[in-house]
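This report refers to the structure that appears directly beneath it.
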There are 2 protein chains.
Amino acid sequence: MKTRKRRRLSPEERERQIVEGAIRFFAEVGFEGQTRELAKRLGITQPLLYRYFPSKESLIERVYHEVYIKRWQPHWESLIVDRRRPLQERLVTLYREYTQVIFNYEWVRIFMFAGLKGVNITERYLAIVQDKLFVPVCTEMRELAGLPSTAEVPLLPEELELAWDLHGGVYYLAIRKWIYNLPIPEDLSDHIERVVHSFIAGTPPTLRRLFAEKPLRQQHSAS
Amino acid sequence: MKTRKRRRLSPEERERQIVEGAIRFFAEVGFEGQTRELAKRLGITQPLLYRYFPSKESLIERVYHEVYIKRWQPHWESLIVDRRRPLQERLVTLYREYTQVIFNYEWVRIFMFAGLKGVNITERYLAIVQDKLFVPVCTEMRELAGLPSTAEVPLLPEELELAWDLHGGVYYLAIRKWIYNLPIPEDLSDHIERVVHSFIAGTPPTLRRLFAEKPLRQQHSAS
DNA sequence: ATTGTAATTTATCATTTGATTAAATTTGTG
DNA sequence: CACAAATTTAATCAAATGATAAATTACAAT
(Lines give C-alpha, C1' and ligand atoms only; values in the text may rest on other atoms or scores of the structure.)
Protein backbone atom coordinates (compact mmCIF):
# COMPACT_ATOMS: atom_id res chain seq x y z
CA MET A 1 0.00 0.00 0.00
CA LYS A 2 1.75 3.13 1.22
CA THR A 3 4.92 2.33 3.27
CA ARG A 4 6.02 5.86 3.97
CA LYS A 5 9.73 6.20 4.11
CA ARG A 6 11.32 5.13 7.32
CA ARG A 7 11.85 7.98 9.76
CA ARG A 8 14.57 8.02 12.31
CA LEU A 9 13.71 9.80 15.54
CA SER A 10 15.64 10.49 18.68
CA PRO A 11 14.79 7.97 21.39
CA GLU A 12 13.01 10.66 23.39
CA GLU A 13 10.82 11.69 20.50
CA ARG A 14 10.01 8.14 19.50
CA GLU A 15 9.13 7.20 23.05
CA ARG A 16 6.83 10.18 23.35
CA GLN A 17 5.20 9.30 20.06
CA ILE A 18 4.63 5.73 21.17
CA VAL A 19 3.13 6.81 24.48
CA GLU A 20 0.76 9.25 22.84
CA GLY A 21 -0.26 6.71 20.23
CA ALA A 22 -0.80 4.13 22.95
CA ILE A 23 -3.04 6.53 24.87
CA ARG A 24 -5.24 7.08 21.82
CA PHE A 25 -5.18 3.42 20.89
CA PHE A 26 -5.98 1.92 24.28
CA ALA A 27 -8.64 4.56 24.87
CA GLU A 28 -10.37 3.38 21.75
CA VAL A 29 -10.11 -0.41 21.96
CA GLY A 30 -9.17 -1.11 25.56
CA PHE A 31 -6.12 -2.83 26.94
CA GLU A 32 -6.69 -5.98 24.98
CA GLY A 33 -5.72 -4.01 21.91
CA GLN A 34 -2.91 -5.80 20.16
CA THR A 35 0.64 -4.57 19.97
CA ARG A 36 0.76 -5.30 16.25
CA GLU A 37 -2.24 -3.08 15.61
CA LEU A 38 -0.79 -0.31 17.77
CA ALA A 39 2.47 -0.48 15.83
CA LYS A 40 0.60 -0.31 12.55
CA ARG A 41 -1.24 2.81 13.63
CA LEU A 42 2.02 4.39 14.67
CA GLY A 43 3.56 3.51 11.34
CA ILE A 44 6.28 1.45 12.96
CA THR A 45 6.98 -2.24 13.37
CA GLN A 46 5.95 -4.27 16.35
CA PRO A 47 9.43 -5.23 17.57
CA LEU A 48 10.30 -1.57 17.82
CA LEU A 49 7.75 -1.19 20.61
CA TYR A 50 9.76 -3.68 22.58
CA ARG A 51 12.89 -1.64 22.14
CA TYR A 52 11.20 1.12 24.12
CA PHE A 53 9.05 -0.82 26.56
CA PRO A 54 9.99 -4.21 27.94
CA SER A 55 6.39 -5.40 27.90
CA LYS A 56 2.91 -4.36 26.97
CA GLU A 57 2.10 -4.07 30.65
CA SER A 58 4.89 -1.55 31.22
CA LEU A 59 3.57 0.54 28.35
CA ILE A 60 0.13 0.48 29.92
CA GLU A 61 1.59 1.56 33.26
CA ARG A 62 3.20 4.46 31.47
CA VAL A 63 -0.15 5.39 29.94
CA TYR A 64 -1.75 5.54 33.40
CA HIS A 65 1.03 7.73 34.69
CA GLU A 66 0.86 10.05 31.73
CA VAL A 67 -2.90 10.51 31.82
CA TYR A 68 -3.72 10.49 35.53
CA ILE A 69 -0.65 11.37 37.57
CA LYS A 70 0.99 13.96 35.33
CA ARG A 71 -2.19 15.84 34.55
CA TRP A 72 -3.14 16.46 38.16
CA GLN A 73 -2.85 20.17 39.01
CA PRO A 74 -1.76 20.73 42.62
CA HIS A 75 -3.02 24.31 42.57
CA TRP A 76 -6.59 23.01 42.54
CA GLU A 77 -6.12 22.19 46.19
CA SER A 78 -5.16 25.75 47.13
CA LEU A 79 -7.84 27.23 44.92
CA ILE A 80 -10.58 25.66 46.99
CA VAL A 81 -9.43 27.10 50.28
CA ASP A 82 -8.68 30.62 49.05
CA ARG A 83 -11.20 32.51 51.14
CA ARG A 84 -10.44 35.81 49.48
CA ARG A 85 -12.81 34.73 46.73
CA PRO A 86 -16.49 33.77 47.12
CA LEU A 87 -16.98 30.03 47.37
CA GLN A 88 -19.28 29.88 44.37
CA GLU A 89 -16.58 31.45 42.22
CA ARG A 90 -13.94 29.08 43.55
CA LEU A 91 -16.07 26.04 42.81
CA VAL A 92 -17.00 27.19 39.34
CA THR A 93 -13.34 27.85 38.55
CA LEU A 94 -12.32 24.51 40.02
CA TYR A 95 -14.83 22.54 37.99
CA ARG A 96 -14.09 24.46 34.82
CA GLU A 97 -10.39 23.73 35.17
CA TYR A 98 -10.90 20.17 36.28
CA THR A 99 -13.21 19.33 33.41
CA GLN A 100 -10.73 20.92 31.03
CA VAL A 101 -8.35 18.15 32.08
CA ILE A 102 -10.66 15.17 32.33
CA PHE A 103 -13.37 15.90 29.76
CA ASN A 104 -11.80 14.15 26.83
CA TYR A 105 -12.03 10.83 25.06
CA GLU A 106 -8.79 9.39 26.40
CA TRP A 107 -9.19 10.32 30.04
CA VAL A 108 -12.75 9.09 30.39
CA ARG A 109 -12.45 5.84 28.47
CA ILE A 110 -9.10 4.71 29.84
CA PHE A 111 -10.35 5.41 33.35
CA MET A 112 -13.38 3.23 32.72
CA PHE A 113 -11.37 0.43 31.16
CA ALA A 114 -9.04 0.51 34.14
CA GLY A 115 -11.95 0.48 36.56
CA LEU A 116 -13.56 -2.50 34.91
CA LYS A 117 -10.26 -4.33 34.83
CA GLY A 118 -9.86 -3.72 38.54
CA VAL A 119 -6.55 -1.91 38.19
CA ASN A 120 -6.09 -0.01 41.41
CA ILE A 121 -5.25 3.22 39.60
CA THR A 122 -8.92 4.19 39.76
CA GLU A 123 -9.21 3.61 43.47
CA ARG A 124 -5.97 5.44 44.14
CA TYR A 125 -6.96 8.35 41.94
CA LEU A 126 -10.39 8.73 43.47
CA ALA A 127 -8.94 8.52 46.96
CA ILE A 128 -6.83 11.54 46.03
CA VAL A 129 -9.85 13.33 44.58
CA GLN A 130 -11.73 12.74 47.80
CA ASP A 131 -8.85 13.84 50.03
CA LYS A 132 -7.64 16.82 48.05
CA LEU A 133 -10.86 18.12 46.55
CA PHE A 134 -14.00 16.81 48.22
CA VAL A 135 -12.80 17.11 51.80
CA PRO A 136 -11.69 20.75 51.40
CA VAL A 137 -14.91 21.54 49.56
CA CYS A 138 -16.91 20.07 52.45
CA THR A 139 -14.85 22.06 54.89
CA GLU A 140 -15.71 25.25 53.03
CA MET A 141 -19.36 24.26 52.92
CA ARG A 142 -19.36 23.98 56.70
CA GLU A 143 -18.15 27.56 56.90
CA LEU A 144 -20.74 28.67 54.38
CA ALA A 145 -23.52 26.97 56.29
CA GLY A 146 -22.40 28.54 59.56
CA LEU A 147 -21.69 25.20 61.16
CA PRO A 148 -18.81 24.05 63.41
CA SER A 149 -15.51 23.61 61.57
CA THR A 150 -14.25 20.17 60.68
CA ALA A 151 -11.58 20.63 63.36
CA GLU A 152 -14.35 20.74 65.93
CA VAL A 153 -16.66 18.14 64.40
CA PRO A 154 -15.13 15.67 61.91
CA LEU A 155 -16.73 15.29 58.51
CA LEU A 156 -19.72 13.03 58.29
CA PRO A 157 -19.98 10.50 55.47
CA GLU A 158 -23.22 12.18 54.43
CA GLU A 159 -21.41 15.45 53.79
CA LEU A 160 -18.86 13.79 51.55
CA GLU A 161 -21.74 12.16 49.75
CA LEU A 162 -23.06 15.56 48.75
CA ALA A 163 -19.74 16.39 47.11
CA TRP A 164 -19.76 13.03 45.35
CA ASP A 165 -23.23 13.79 44.07
CA LEU A 166 -22.18 17.08 42.54
CA HIS A 167 -19.20 15.40 40.98
CA GLY A 168 -21.23 12.46 39.73
CA GLY A 169 -23.77 14.65 38.00
CA VAL A 170 -21.06 16.40 36.04
CA TYR A 171 -19.06 13.30 35.31
CA TYR A 172 -22.08 11.44 34.02
CA LEU A 173 -22.14 13.91 31.14
CA ALA A 174 -18.70 12.71 30.13
CA ILE A 175 -19.84 9.10 30.33
CA ARG A 176 -22.83 9.85 28.14
CA LYS A 177 -20.65 11.50 25.56
CA TRP A 178 -17.57 9.28 25.33
CA ILE A 179 -18.87 5.93 26.42
CA TYR A 180 -22.52 5.87 25.43
CA ASN A 181 -21.95 8.06 22.40
CA LEU A 182 -24.93 10.28 23.19
CA PRO A 183 -25.29 14.02 22.60
CA ILE A 184 -24.86 16.31 25.59
CA PRO A 185 -25.40 20.06 26.00
CA GLU A 186 -22.86 22.06 24.02
CA ASP A 187 -21.96 24.55 26.68
CA LEU A 188 -20.32 22.73 29.54
CA SER A 189 -19.25 25.95 31.20
CA ASP A 190 -22.86 27.10 31.52
CA HIS A 191 -23.84 23.75 32.89
CA ILE A 192 -21.14 23.91 35.54
CA GLU A 193 -22.28 27.39 36.51
CA ARG A 194 -25.80 26.08 37.03
CA VAL A 195 -24.98 22.95 39.00
CA VAL A 196 -22.54 24.78 41.25
CA HIS A 197 -25.12 27.47 41.86
CA SER A 198 -27.66 24.88 42.77
CA PHE A 199 -25.10 23.13 45.00
CA ILE A 200 -24.24 26.32 46.86
CA ALA A 201 -27.92 27.14 47.28
CA GLY A 202 -29.17 23.69 48.19
CA THR A 203 -26.44 22.20 50.35
CA PRO A 204 -26.33 24.48 53.43
CA PRO A 205 -29.96 23.81 54.43
CA THR A 206 -29.35 20.10 53.91
CA LEU A 207 -26.24 20.28 56.08
CA ARG A 208 -28.03 22.12 58.86
CA ARG A 209 -30.80 19.55 58.80
CA LEU A 210 -28.19 16.80 58.95
CA PHE A 211 -26.55 18.40 62.00
CA ALA A 212 -29.86 18.88 63.72
CA GLU A 213 -30.56 15.17 63.36
CA LYS A 214 -27.24 13.91 64.74
CA PRO A 215 -26.19 16.42 67.37
CA LEU A 216 -24.17 14.43 69.91
CA ARG A 217 -22.44 11.90 67.70
CA GLN A 218 -18.86 12.92 68.46
CA GLN A 219 -19.13 13.99 72.11
CA HIS A 220 -20.09 10.52 73.18
CA SER A 221 -17.07 8.76 71.77
CA ALA A 222 -14.71 11.49 73.01
CA SER A 223 -15.46 11.20 76.73
CA MET B 1 -8.38 -32.44 40.38
CA LYS B 2 -12.03 -33.05 40.97
CA THR B 3 -13.81 -33.83 37.65
CA ARG B 4 -17.31 -34.25 38.97
CA LYS B 5 -19.19 -36.90 37.11
CA ARG B 6 -20.71 -35.75 33.87
CA ARG B 7 -24.26 -34.53 34.27
CA ARG B 8 -26.82 -34.69 31.54
CA LEU B 9 -29.40 -31.91 31.55
CA SER B 10 -32.37 -31.17 29.38
CA PRO B 11 -31.48 -28.68 26.65
CA GLU B 12 -33.67 -26.03 28.25
CA GLU B 13 -32.01 -26.34 31.62
CA ARG B 14 -28.51 -26.43 30.20
CA GLU B 15 -29.16 -23.42 28.04
CA ARG B 16 -30.50 -21.45 30.95
CA GLN B 17 -27.51 -22.45 33.01
CA ILE B 18 -25.12 -21.35 30.29
CA VAL B 19 -26.84 -18.02 29.84
CA GLU B 20 -26.78 -17.27 33.55
CA GLY B 21 -23.18 -18.30 33.83
CA ALA B 22 -22.30 -16.18 30.83
CA ILE B 23 -23.96 -13.15 32.38
CA ARG B 24 -21.91 -13.51 35.53
CA PHE B 25 -18.74 -14.29 33.63
CA PHE B 26 -18.86 -11.51 31.06
CA ALA B 27 -19.89 -9.02 33.72
CA GLU B 28 -16.70 -9.85 35.57
CA VAL B 29 -14.10 -10.05 32.81
CA GLY B 30 -15.73 -8.42 29.80
CA PHE B 31 -16.51 -9.83 26.42
CA GLU B 32 -12.93 -10.83 25.73
CA GLY B 33 -13.42 -13.47 28.39
CA GLN B 34 -12.54 -16.82 26.92
CA THR B 35 -15.02 -19.53 26.17
CA ARG B 36 -12.78 -22.12 27.81
CA GLU B 37 -12.75 -20.20 31.06
CA LEU B 38 -16.51 -19.74 30.93
CA ALA B 39 -16.96 -23.47 30.35
CA LYS B 40 -14.66 -24.28 33.24
CA ARG B 41 -16.68 -22.09 35.59
CA LEU B 42 -19.85 -23.77 34.43
CA GLY B 43 -18.30 -27.16 35.04
CA ILE B 44 -18.74 -28.19 31.42
CA THR B 45 -16.45 -28.49 28.45
CA GLN B 46 -15.90 -25.71 25.94
CA PRO B 47 -17.35 -27.44 22.87
CA LEU B 48 -20.63 -27.90 24.68
CA LEU B 49 -21.13 -24.16 24.56
CA TYR B 50 -21.10 -24.42 20.79
CA ARG B 51 -23.85 -26.97 20.82
CA TYR B 52 -26.12 -24.36 22.39
CA PHE B 53 -24.86 -21.23 20.70
CA PRO B 54 -23.43 -21.17 17.20
CA SER B 55 -20.83 -18.60 18.15
CA LYS B 56 -19.54 -16.60 21.06
CA GLU B 57 -21.13 -13.53 19.54
CA SER B 58 -24.58 -15.12 19.55
CA LEU B 59 -24.17 -15.98 23.22
CA ILE B 60 -23.29 -12.37 23.93
CA GLU B 61 -26.37 -11.19 22.04
CA ARG B 62 -28.41 -13.47 24.22
CA VAL B 63 -26.85 -11.96 27.32
CA TYR B 64 -27.86 -8.48 26.18
CA HIS B 65 -31.40 -9.61 25.56
CA GLU B 66 -31.64 -11.36 28.90
CA VAL B 67 -30.29 -8.47 30.95
CA TYR B 68 -31.65 -5.39 29.18
CA ILE B 69 -34.70 -6.31 27.13
CA LYS B 70 -36.31 -8.92 29.35
CA ARG B 71 -35.87 -7.00 32.57
CA TRP B 72 -37.63 -3.87 31.38
CA GLN B 73 -40.93 -3.38 33.18
CA PRO B 74 -43.59 -1.78 30.95
CA HIS B 75 -45.65 -0.75 33.97
CA TRP B 76 -43.00 1.86 34.82
CA GLU B 77 -44.36 3.90 31.96
CA SER B 78 -47.92 3.93 33.31
CA LEU B 79 -46.72 4.51 36.86
CA ILE B 80 -45.26 7.87 35.92
CA VAL B 81 -48.46 9.25 34.44
CA ASP B 82 -50.84 8.00 37.14
CA ARG B 83 -52.08 11.34 38.39
CA ARG B 84 -54.10 9.80 41.18
CA ARG B 85 -50.86 9.72 43.15
CA PRO B 86 -48.64 12.68 44.05
CA LEU B 87 -45.74 13.08 41.65
CA GLN B 88 -43.13 12.77 44.36
CA GLU B 89 -44.54 9.42 45.37
CA ARG B 90 -44.61 8.24 41.76
CA LEU B 91 -40.99 9.21 41.18
CA VAL B 92 -39.78 7.65 44.40
CA THR B 93 -41.59 4.43 43.55
CA LEU B 94 -40.26 4.51 40.00
CA TYR B 95 -36.65 4.95 41.05
CA ARG B 96 -36.92 2.37 43.79
CA GLU B 97 -38.28 -0.18 41.35
CA TYR B 98 -35.91 0.83 38.59
CA THR B 99 -32.85 0.60 40.78
CA GLN B 100 -34.04 -2.74 42.01
CA VAL B 101 -33.56 -3.96 38.46
CA ILE B 102 -30.39 -2.17 37.42
CA PHE B 103 -28.45 -1.81 40.67
CA ASN B 104 -26.48 -5.00 40.45
CA TYR B 105 -23.05 -6.14 39.38
CA GLU B 106 -24.13 -7.73 36.12
CA TRP B 107 -26.37 -4.97 34.83
CA VAL B 108 -23.96 -2.14 35.48
CA ARG B 109 -20.76 -3.76 34.30
CA ILE B 110 -22.13 -5.40 31.17
CA PHE B 111 -23.72 -2.11 30.19
CA MET B 112 -20.39 -0.37 30.56
CA PHE B 113 -18.50 -3.03 28.65
CA ALA B 114 -21.06 -2.78 25.85
CA GLY B 115 -20.84 0.99 25.81
CA LEU B 116 -17.05 0.94 25.55
CA LYS B 117 -17.20 -1.65 22.82
CA GLY B 118 -19.61 0.55 20.89
CA VAL B 119 -22.33 -2.07 20.73
CA ASN B 120 -25.52 -0.21 19.91
CA ILE B 121 -27.45 -1.89 22.71
CA THR B 122 -26.56 0.99 25.02
CA GLU B 123 -27.76 3.65 22.62
CA ARG B 124 -30.95 1.74 21.91
CA TYR B 125 -31.60 1.14 25.59
CA LEU B 126 -31.03 4.74 26.59
CA ALA B 127 -33.23 5.95 23.76
CA ILE B 128 -36.01 3.87 25.30
CA VAL B 129 -35.26 5.24 28.75
CA GLN B 130 -35.48 8.76 27.40
CA ASP B 131 -38.71 8.13 25.47
CA LYS B 132 -40.53 6.03 28.03
CA LEU B 133 -39.30 7.50 31.29
CA PHE B 134 -37.65 10.90 30.96
CA VAL B 135 -40.16 12.38 28.52
CA PRO B 136 -43.19 11.43 30.64
CA VAL B 137 -41.41 12.65 33.76
CA CYS B 138 -40.77 15.99 32.08
CA THR B 139 -44.39 16.15 31.01
CA GLU B 140 -45.46 15.69 34.60
CA MET B 141 -42.99 18.31 35.76
CA ARG B 142 -44.59 20.79 33.38
CA GLU B 143 -47.91 20.17 35.06
CA LEU B 144 -46.34 20.47 38.51
CA ALA B 145 -44.68 23.76 37.57
CA GLY B 146 -47.95 25.16 36.22
CA LEU B 147 -46.53 25.53 32.72
CA PRO B 148 -48.11 24.83 29.31
CA SER B 149 -48.44 21.13 28.51
CA THR B 150 -46.04 19.44 26.12
CA ALA B 151 -48.91 19.24 23.64
CA GLU B 152 -48.92 23.02 23.54
CA VAL B 153 -45.17 23.63 23.78
CA PRO B 154 -42.85 20.75 22.85
CA LEU B 155 -40.19 19.66 25.31
CA LEU B 156 -37.00 21.66 25.36
CA PRO B 157 -33.64 19.90 25.42
CA GLU B 158 -32.89 21.70 28.67
CA GLU B 159 -35.86 20.05 30.35
CA LEU B 160 -34.73 16.60 29.34
CA GLU B 161 -31.32 17.50 30.64
CA LEU B 162 -32.77 17.95 34.12
CA ALA B 163 -34.14 14.42 34.03
CA TRP B 164 -30.77 13.12 32.81
CA ASP B 165 -29.12 14.90 35.71
CA LEU B 166 -31.34 13.24 38.29
CA HIS B 167 -30.71 9.91 36.64
CA GLY B 168 -26.98 10.49 36.37
CA GLY B 169 -26.62 11.33 40.02
CA VAL B 170 -28.25 8.08 41.04
CA TYR B 171 -26.50 5.97 38.44
CA TYR B 172 -23.11 7.30 39.38
CA LEU B 173 -23.56 5.54 42.71
CA ALA B 174 -23.76 2.26 40.85
CA ILE B 175 -20.64 3.08 38.90
CA ARG B 176 -18.77 3.89 42.08
CA LYS B 177 -19.79 0.62 43.61
CA TRP B 178 -19.44 -1.92 40.84
CA ILE B 179 -16.84 -0.36 38.59
CA TYR B 180 -14.63 1.69 40.87
CA ASN B 181 -15.12 -0.64 43.78
CA LEU B 182 -15.75 2.18 46.22
CA PRO B 183 -18.10 2.21 49.21
CA ILE B 184 -21.44 3.96 48.79
CA PRO B 185 -24.19 4.77 51.31
CA GLU B 186 -25.91 1.66 52.56
CA ASP B 187 -29.46 2.85 52.29
CA LEU B 188 -30.22 3.46 48.64
CA SER B 189 -33.91 3.88 49.34
CA ASP B 190 -33.26 6.83 51.61
CA HIS B 191 -30.94 8.34 49.08
CA ILE B 192 -33.59 8.12 46.37
CA GLU B 193 -36.11 9.74 48.66
CA ARG B 194 -33.76 12.66 49.17
CA VAL B 195 -32.73 13.24 45.57
CA VAL B 196 -36.31 12.96 44.32
CA HIS B 197 -37.42 15.39 46.99
CA SER B 198 -34.74 17.80 45.95
CA PHE B 199 -35.68 17.31 42.29
CA ILE B 200 -39.34 18.01 42.93
CA ALA B 201 -38.47 21.09 44.97
CA GLY B 202 -35.76 22.47 42.74
CA THR B 203 -36.96 21.79 39.21
CA PRO B 204 -40.18 23.83 38.93
CA PRO B 205 -38.45 27.18 39.60
CA THR B 206 -35.73 26.26 37.15
CA LEU B 207 -38.33 25.37 34.55
CA ARG B 208 -40.20 28.60 35.03
CA ARG B 209 -36.98 30.54 34.65
CA LEU B 210 -36.21 28.59 31.50
CA PHE B 211 -39.62 29.44 30.06
CA ALA B 212 -39.27 33.08 30.96
CA GLU B 213 -36.00 33.20 29.04
CA LYS B 214 -37.27 31.57 25.83
CA PRO B 215 -40.92 32.53 25.58
CA LEU B 216 -41.66 32.64 21.84
CA ARG B 217 -39.41 29.89 20.60
CA GLN B 218 -42.10 27.71 19.05
CA GLN B 219 -44.59 30.32 17.89
CA HIS B 220 -42.08 31.78 15.47
CA SER B 221 -41.40 28.60 13.60
CA ALA B 222 -45.08 27.72 13.53
CA SER B 223 -46.35 30.77 11.68
C1' DA C 1 -30.88 -55.50 31.55
C1' DT C 2 -30.67 -53.74 27.10
C1' DT C 3 -30.78 -50.36 23.83
C1' DG C 4 -30.81 -46.11 21.29
C1' DT C 5 -30.68 -41.37 21.19
C1' DA C 6 -28.89 -37.25 22.23
C1' DA C 7 -26.04 -34.82 25.68
C1' DT C 8 -21.31 -34.41 26.60
C1' DT C 9 -16.38 -35.05 26.12
C1' DT C 10 -11.96 -35.80 23.68
C1' DA C 11 -8.97 -34.46 20.32
C1' DT C 12 -7.64 -31.30 17.06
C1' DC C 13 -7.30 -27.31 13.64
C1' DA C 14 -6.09 -22.78 12.23
C1' DT C 15 -5.36 -18.15 13.88
C1' DT C 16 -4.04 -14.89 16.86
C1' DT C 17 -0.93 -12.87 20.03
C1' DG C 18 2.84 -11.25 23.28
C1' DA C 19 7.44 -11.61 23.03
C1' DT C 20 12.34 -12.58 21.29
C1' DT C 21 16.27 -12.86 18.26
C1' DA C 22 19.65 -12.06 14.63
C1' DA C 23 20.79 -9.96 10.71
C1' DA C 24 20.04 -6.54 7.21
C1' DT C 25 19.08 -1.80 6.16
C1' DT C 26 18.90 3.04 6.29
C1' DT C 27 19.09 7.52 8.33
C1' DG C 28 21.28 11.53 9.73
C1' DT C 29 25.30 13.63 11.72
C1' DG C 30 30.17 14.87 12.30
C1' DC D 1 32.11 9.80 3.32
C1' DA D 2 31.88 7.04 7.09
C1' DC D 3 29.72 5.25 10.95
C1' DA D 4 26.90 4.65 14.96
C1' DA D 5 22.49 3.96 16.10
C1' DA D 6 17.65 3.65 14.90
C1' DT D 7 14.64 0.86 12.42
C1' DT D 8 13.03 -2.88 9.66
C1' DT D 9 12.87 -7.60 7.99
C1' DA D 10 12.10 -12.04 8.78
C1' DA D 11 11.63 -15.78 11.34
C1' DT D 12 10.10 -17.92 15.24
C1' DC D 13 8.17 -19.59 19.89
C1' DA D 14 4.80 -20.84 23.02
C1' DA D 15 0.56 -20.07 24.78
C1' DA D 16 -4.15 -18.75 23.95
C1' DT D 17 -8.36 -18.91 21.40
C1' DG D 18 -12.72 -19.58 18.57
C1' DA D 19 -14.48 -23.29 16.38
C1' DT D 20 -15.41 -28.25 14.58
C1' DA D 21 -15.83 -33.36 14.07
C1' DA D 22 -15.69 -37.66 15.95
C1' DA D 23 -15.87 -40.60 20.00
C1' DT D 24 -18.11 -41.51 24.41
C1' DT D 25 -21.58 -41.99 27.85
C1' DA D 26 -25.85 -40.84 30.57
C1' DC D 27 -30.33 -41.98 31.03
C1' DA D 28 -35.15 -42.83 29.67
C1' DA D 29 -37.92 -46.08 27.34
C1' DT D 30 -38.65 -50.71 26.59
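Everything quoted here is computed from the prediction, not taken from an experiment. What's counted below: heavy atoms across the whole structure, side chains too, no hydrogens, waters or symmetry copies. Each chain gets a letter, A, B and so on, in the order the sequences are listed, and its residues count up from 1.
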Does the side chain of A:Thr93 pick up a donor-acceptor pair with the side chain of A:Arg85 at under 3.5 Å? yes
Looking at B:Gln100, I want to see if its CD is surrounded by more than 12 non-hydrogen atoms of other residues, nucleotides or ligands under 6.0 Å.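 Counting other residues, nucleotides and ligands, CD of B:Gln100 stays at 12 neighbours or fewer.
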List the atom pairs, donor and acceptor, that lie under 3.5 Å between side-chain atoms in residues 73-81 of chain B and the rest of the protein, sequence neighbours left out.
unit_1	atom_1	unit_2	atom_2	d
B:His75	NE2	B:Glu97	OE1	2.8
B:Trp76	NE1	B:Glu97	OE1	3.4
B:Glu77	OE2	B:Trp72	NE1	3.0
B:Ser78	OG	B:His75	O	3.1

Report the distance from atom CD of B:Gln17 to atom P of C:dA7, rounded to the nearest whole Å. 14 Å
For B:Arg36, report the nucleic acid contact type (base, sugar-phosphate, nothing); a contact means any heavy atom under 4.0 Å. base
Looking at residues 51-59 of chain B, who's got a heavy atom less than 4.0 Å off DNA chain C? B:Arg51, B:Tyr52
Side chain to side chain donor-acceptor pair (under 3.5 Å) between A:Glu12 and A:Ser10, intermediate numbers included: CA-CA 5 Å; A:Glu12 299 73 32; A:Ser10 73; 3.3 Å; yes
Can you tell whether the side chains of B:Glu66 and B:Arg71 come within less than 4.0 Å, N to carboxylate O? no
Within the structure, does a side-chain N or O atom of A:Tyr50 lie under 4.0 Å from either OP1 or OP2 of C:dT20?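 No, A:Tyr50 has no side-chain N/O under 4.0 Å of OP1/OP2 on C:dT20.
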Quick one: is C:dT8 close enough that its OP1 or OP2 comes under 4.0 Å of any side-chain N or O from B:Thr45? no
Select one nucleotide: of C:dT8, C:dG18, D:dT7, the one nearest the side-chain heavy atoms of A:Arg14.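 From the listed options, D:dT7 comes nearest.
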Ranking D:dT9, D:dA21, C:dT8 by distance to the side chain of B:Pro47, first place goes to D:dA21
Just jot down the ring-ring contact (aromatic ring centres under 6.0 Å, His included) partners of B:Phe31, sequence neighbours excluded, or say none. B:Phe26, B:Tyr64
5'-most contact on DNA chain C: B:Gln46 or B:Leu9, nearest heavy atom basis?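 Upstream on the strand: B:Leu9.
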Atom pairs under 3.5 Å: protein N/O with N/O of nucleotides 2-5 of chain C:
none

Can you list every pair that meets side-chain hydrogen bond (donor to acceptor under 3.5 Å, both in side chains) and has a residue in residues 21-30 of chain B, with sequence neighbours left out? B:Glu28-B:Arg41
Quick note, salt bridge (charged side-chain N to carboxylate O under 4.0 Å, His left out) partners involving residues 160-179 of chain B, not counting sequence neighbours, are A:Glu161-B:Arg176, A:Arg176-B:Glu161
